[in-house]
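Some notes on the structure that comes next.
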Amino acid sequence: MADYKVQTTNLSAEGNNLSAEMKTFYEKQLIDAAEPALVHDQFGTHYPIPKNGGKTIEFRKIDSLPKALTALTEGVTPQGNKLNVSKVIAEVGQYGDFVPISDMLDLTAIDPMMVETTKRLAAQASRTLDTITREVLAAGTNKVFAPKKDGTEVQLREDVTADCELTPRLIRMVAAKLKRQNTPKIGDSYVAIIHPDIACDLQGNEEWIEAHKYANPENIYFGEIGKMAGVRFVETTEAKVIGPQEIFPGMCRMKLRTALDSTGSTVIAVEEEITNAMAQELEARVAAGEKIMIYVGGKEASVKSATAGEAGSASITVEAAVKSVEKGAVVCGTGAGKDGSAIYMTIVLGADAYGVTSIAGGGLEHIVKGLGSGGTSDPLNQRATCGWKATKTAERLVEQYMVRVEHASPTFSHEAVSN
């Protein structure tokens, strides 16, 4: 009950006159809830947000020194060397959101609304800021594709199929690649950021060591679940997944209802329902000049139109005939595997690979405005707001210190979507 009174007091007609103590209380709640969930920030070099320093931040990259193979001459001071320090300039961006809270909601709600709203905003802020860093890491140039189960190498993302899985052997190869590039370890190991779907695939392997079975289980990272082949694994649902692009809103995969023979057809009959609204939306996109591509049983086709119908009577028309595809084959958007498989990106990191801006001390701000703070737009003191604002960027500093592994999941790739 005491918490509820605190919220009522601070949502009074005093407007923005929130006490310093309550401002600190809310700010701490937001940062304490958001900071641990920033999994992708966890292993970067942290740089403070510069105050009044413009929109750019300067990350520093220091090159390794070459071997000193020239023998010293007795009594002669060698020439010495110099550190090669290069600057990487990145532009920070500002992000944020807010939630209005009505006076009636605050008065009648069982839970203290400002506290509960702050929790939801903290979750939103952490996912947003974490994704900003994730996208920078996922765009790295040092990448490998998981081979197919029979050992066939994969060179393109669209050729990744459901049997291109992350295996202990592949993890060892990636770790060896980092070692060959003299990548410093994070503590005693390299670190991989993985999706729970991939954790599920790996954890049944006999080489897997659960985090709670470590010799020093107290020294684990936030989200760490285990290790294998000299790599420690941190799990997060925000690990990047690329699914097929949507054909219709909310629909990226369908099934071929009627087999296509060697003559082929431009009419792709599907098992799923296509509503009039879905067909019209697709045709409007095509009319606007958008080129919508799909895979039909792994064969690429350009969409021309759609025919609405209930499940079992709808179809998609493509520009050129698609030939020799079996009934039940996957019809899906492009962007991921030709067979409809979602692509998982596991990032394996060494130390000093990238830089991130810190959220404490200027990066993340909690903003509370009381009832009536809107002035003439809220003459009856009916609305308060609770929000957050953050300044953020991330930058890859040493490409060879990180490897992006693109692979599928035999268990989940057929249903996973982009995140």
Carboxylate-amine/guanidinium proximity below 4.0 Å for [X] and [Y]:
X      : Y      : result
Glu399 : Lys143 : no
Arg285 : Glu283 : no
Glu165 : Lys149 : no
Lys392 : Asp41  : yes
Lys119 : Glu116 : yes
Lys338 : Asp159 : yes
Glu272 : Lys255 : no

Can you tell me if [X] and [Y] form a side-chain donor-acceptor pair at under 3.5 Å?
X      : Y      : value
Asn419 : Glu238 : no
Thr411 : Asp201 : yes
Thr258 : Lys327 : no
Asp352 : Tyr401 : no
Tyr214 : Glu224 : yes
His414 : Ser341 : no

Counting heavy atoms not belonging to [X], are there more than 12 under 6.0 Å from its [atom1]?
X      : atom1 : result
Glu290 : CD    : yes
Met173 : CE    : no
Gln94  : CD    : yes
Glu326 : CD    : no
Lys304 : NZ    : no

Donor-acceptor contact below 3.5 Å, side chain [X] vs main chain [Y]:
X      : Y      : result
Thr183 : Gln400 : yes
Asp339 : Thr161 : no
Thr131 : Arg127 : yes
Arg232 : Gly226 : no
Thr357 : Thr393 : yes
Asp378 : Arg383 : yes
Tyr95  : Ile132 : no
Glu365 : Trp388 : no
Ser413 : Pro410 : no
Asn142 : Met402 : yes

Verdict with reasoning, Glu135 to Lys240, per salt bridge (charged side-chain N to carboxylate O under 4.0 Å, His left out): CA-CA 8 Å; Glu135 293 302 299; Lys240 190 171 180 65; 3.0 Å; yes

Evaluation steps, salt bridge (charged side-chain N to carboxylate O under 4.0 Å, His left out), between Glu207 and Arg172: CA-CA 11 Å; Glu207 295 186 42; Arg172 285 193 293 272; 2.8 Å; yes

Worked check of side-chain hydrogen bond (donor to acceptor under 3.5 Å, both in side chains) between His195 and Thr237: CA-CA 5 Å; His195 193 277; Thr237 55; over 6 Å; no

Close aromatic pair by centroid cut-off 6.0 Å: Phe233 and Trp208: yes

Ring centroid separation Phe43 to Tyr354 under 6.0 Å: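 Ring centroids of Phe43 and Tyr354 are no less than 6.0 Å from each other.
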
If we only count heavy atoms from C-beta on, is the [X] to [Y] side-chain gap below 4.5 Å?
X      : Y      : value
Tyr295 : Glu158 : yes
Cys332 : Cys252 : no
Ile274 : Thr307 : no
Val368 : Thr385 : no

Intermediate values then yes/no, side chain to side chain contact (heavy atoms under 4.5 Å, CB included), Thr128 and Gln124: CA-CA 6 Å; Thr128 300; Gln124 180 198 39; 4.2 Å; yes

Stepwise side chain to side chain contact (heavy atoms under 4.5 Å, CB included) test for Arg253 and Val417: CA-CA 10 Å; Arg253 299 181 184 90; Val417 297; 4.3 Å; yes

Step-by-step side chain to side chain contact (heavy atoms under 4.5 Å, CB included) determination, Lys323 to Ser262: CA-CA 5 Å; Lys323 304 174 182 179; Ser262 58; 5.7 Å; no

Worked check of side chain to side chain contact (heavy atoms under 4.5 Å, CB included) between Met278 and Ile247: CA-CA 9 Å; Met278 293 163 66; Ile247 306 171; over 6 Å; no

